[in-house]
*Asks:* 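Provided herewith is a single structure, encoded as structure tokens, for subsequent inquiry.
Hydrogens, waters and symmetry mates play no part in the numbers below; they use all other heavy atoms, side chains included.
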Amino acid sequence: MIESITHESFESILGDSVAVRLEDIDFQAVVKSVNLLRESPGQGRQPFSVVLQSQDTENHGQRTYRLSHPDLGDLELFLVPVGGDEEGIRYEIIFN
């Protein structure tokens, strides 16, 4: 399933909220941006990153979370916190 996810998959839900869960952690995050990354020869898909803006001001750390969205289904993805402010924490996901 994860291999079929492309930057277009996330571009189609820009601005949407996704549920983020792991054990007792449960918060909502908005898909803020999708950024194309430099492509290397032999890669199966265009590399890209996705930035999520949580509505939770607590930084839950980098780890694998379950993301849920009606259009994407449930995905196990590694999120890395990359900053935050009074609006919440930003997390980045890299797809190679």
Side-chain angles (χ1 to χ4, degrees):
M1 171 71 179
I2 193 73
E3 296 79 22
S4 65
I5 300 296
T6 65
H7 63 93
E8 290 95 351
S9 304
F10 278 93
E11 286 171 346
S12 71
I13 64 165
L14 270 172
D16 286 6
S17 185
V18 296
V20 182
R21 294 185 182 91
L22 174 69
E23 298 165 2
D24 61 341
I25 299 170
D26 188 6
F27 61 94
Q28 296 290 312
V30 174
V31 179
K32 293 298 274 187
S33 66
V34 178
N35 307 292
L36 297 179
L37 304 175
R38 188 171 60 183
E39 197 168 358
S40 297
Q43 287 183 302
R45 68 173 162 206
Q46 169 70 53
F48 65 99
S49 70
V50 174
V51 175
L52 304 175
Q53 173 74 52
S54 76
Q55 299 165 350
D56 185 350
T57 56
E58 182 178 349
N59 182 337
H60 297 292
Q62 66 180 27
R63 61 182 84 187
T64 301
Y65 295 90
R66 177 178 298 249
L67 267 66
S68 300
H69 184 274
D71 293 348
L72 298 178
D74 293 338
L75 301 169
E76 300 284 330
L77 298 172
F78 192 76
L79 278 66
V80 176
V82 292
D85 53 30
E86 65 279 346
E87 293 182 23
I89 305 297
R90 286 183 307 283
Y91 294 87
E92 184 175 41
I93 309 163
I94 302 288
F95 293 86
N96 291 317

*Asks:* Which distance, rounded to the nearest 0.5 Å, do you find between the CD1 of I13 and the CG of D71?
*Replies:* 7.0 Å
*Asks:* Is there a path of hydrophobic side-chain contacts, each under 4.5 Å between heavy atoms of I, L, V, M, F, W or Y residues, that connects L36 with I94?
*Replies:* no
*Asks:* What's the shortest heavy-atom distance between L37 and Q46, and which atoms?
*Replies:* O-NE2, 2.6 Å
*Asks:* Are L77 and Y65 packed together at the side-chain level, in the sense that at least one heavy-atom pair is separated by less than 4.5 angstrom?
*Replies:* no
*Asks:* Nearest 0.5 Å, please: how far is CD in E39 from CZ in F48?
*Replies:* 12.5 Å
*Asks:* What distance separates I5 CD1 from F10 CZ, expressed to the nearest 0.5 Å?
*Replies:* 6.0 Å
*Asks:* Between CZ of R63 and CG of L79, what distance do you get to the nearest 0.5 Å?
*Replies:* 10.5 Å
*Asks:* Indicate, with yes or no, if L14 and L72 share a hydrophobic cluster defined by side-chain heavy-atom contacts under 4.5 Å among Ile, Leu, Val, Met, Phe, Trp and Tyr.
*Replies:* yes
*Asks:* Taking all non-hydrogen atoms of both residues, which atom of F27 and which atom of H60 are closest, and how far apart?
*Replies:* CE2-CD2, 3.4 Å
*Asks:* Restricting to non-hydrogen atoms, name the atom on L67 and the atom on I93 that form the minimum distance, rounded to 0.1 Å.
*Replies:* CD2-CD1, 4.0 Å
*Asks:* Indicate yes or no for a side-chain donor-acceptor contact from Q28 to the backbone of S54 under 3.5 Å, with no hydrogens or angles considered.
*Replies:* no
*Asks:* What pair of heavy atoms forms the shortest contact from Y91 to G61, and how long is it?
*Replies:* CE2-O, 4.1 Å
*Asks:* Sorted by first residue and then second, give each salt bridge (charged side-chain N to carboxylate O under 4.0 Å, His left out) pair with at least one member in residues 79-92; sequence neighbours left out.
*Replies:* D85-R90
*Asks:* Working to the nearest 0.5 Å, report the span between CZ of R66 and OG of S68.
*Replies:* 6.5 Å
*Asks:* Tell me, with the steps shown, if D24 and D26 meet side-chain contact (heavy atoms from CB on, under 4.5 Å).
*Replies:* CA-CA 6 Å; D24 61 341; D26 188 6; over 6 Å; no
*Asks:* Taking the side chain as every heavy atom from C-beta outward, state whether D16 and H69 have any atom pair closer than 4.5 Å.
*Replies:* yes
*Asks:* Just do the side-chain contact (heavy atoms from CB on, under 4.5 Å) check on V31 and L52 with the steps written out, would you?
*Replies:* CA-CA 5 Å; V31 179; L52 304 175; 3.8 Å; yes
*Asks:* Could you pull out the closest heavy-atom pair between N35 and S33, with the gap in Å?
*Replies:* ND2-OG, 3.4 Å
*Asks:* Are any of the side-chain heavy atoms of I89 and D56 separated by less than 4.5 Å?
*Replies:* no
*Asks:* Does V51 share a hydrophobic cluster with V18, counting links as ILVMFWY side-chain heavy atoms below 4.5 Å and allowing steps through other members?
*Replies:* no
*Asks:* So, taking the atom named CD in E76 and the one named CG in D74, what distance separates them when rounded to the nearest 0.5 Å?
*Replies:* 8.0 Å
*Asks:* Check G15 against V30 and note the closest heavy-atom contact, atom names and distance.
*Replies:* O-CG1, 3.6 Å
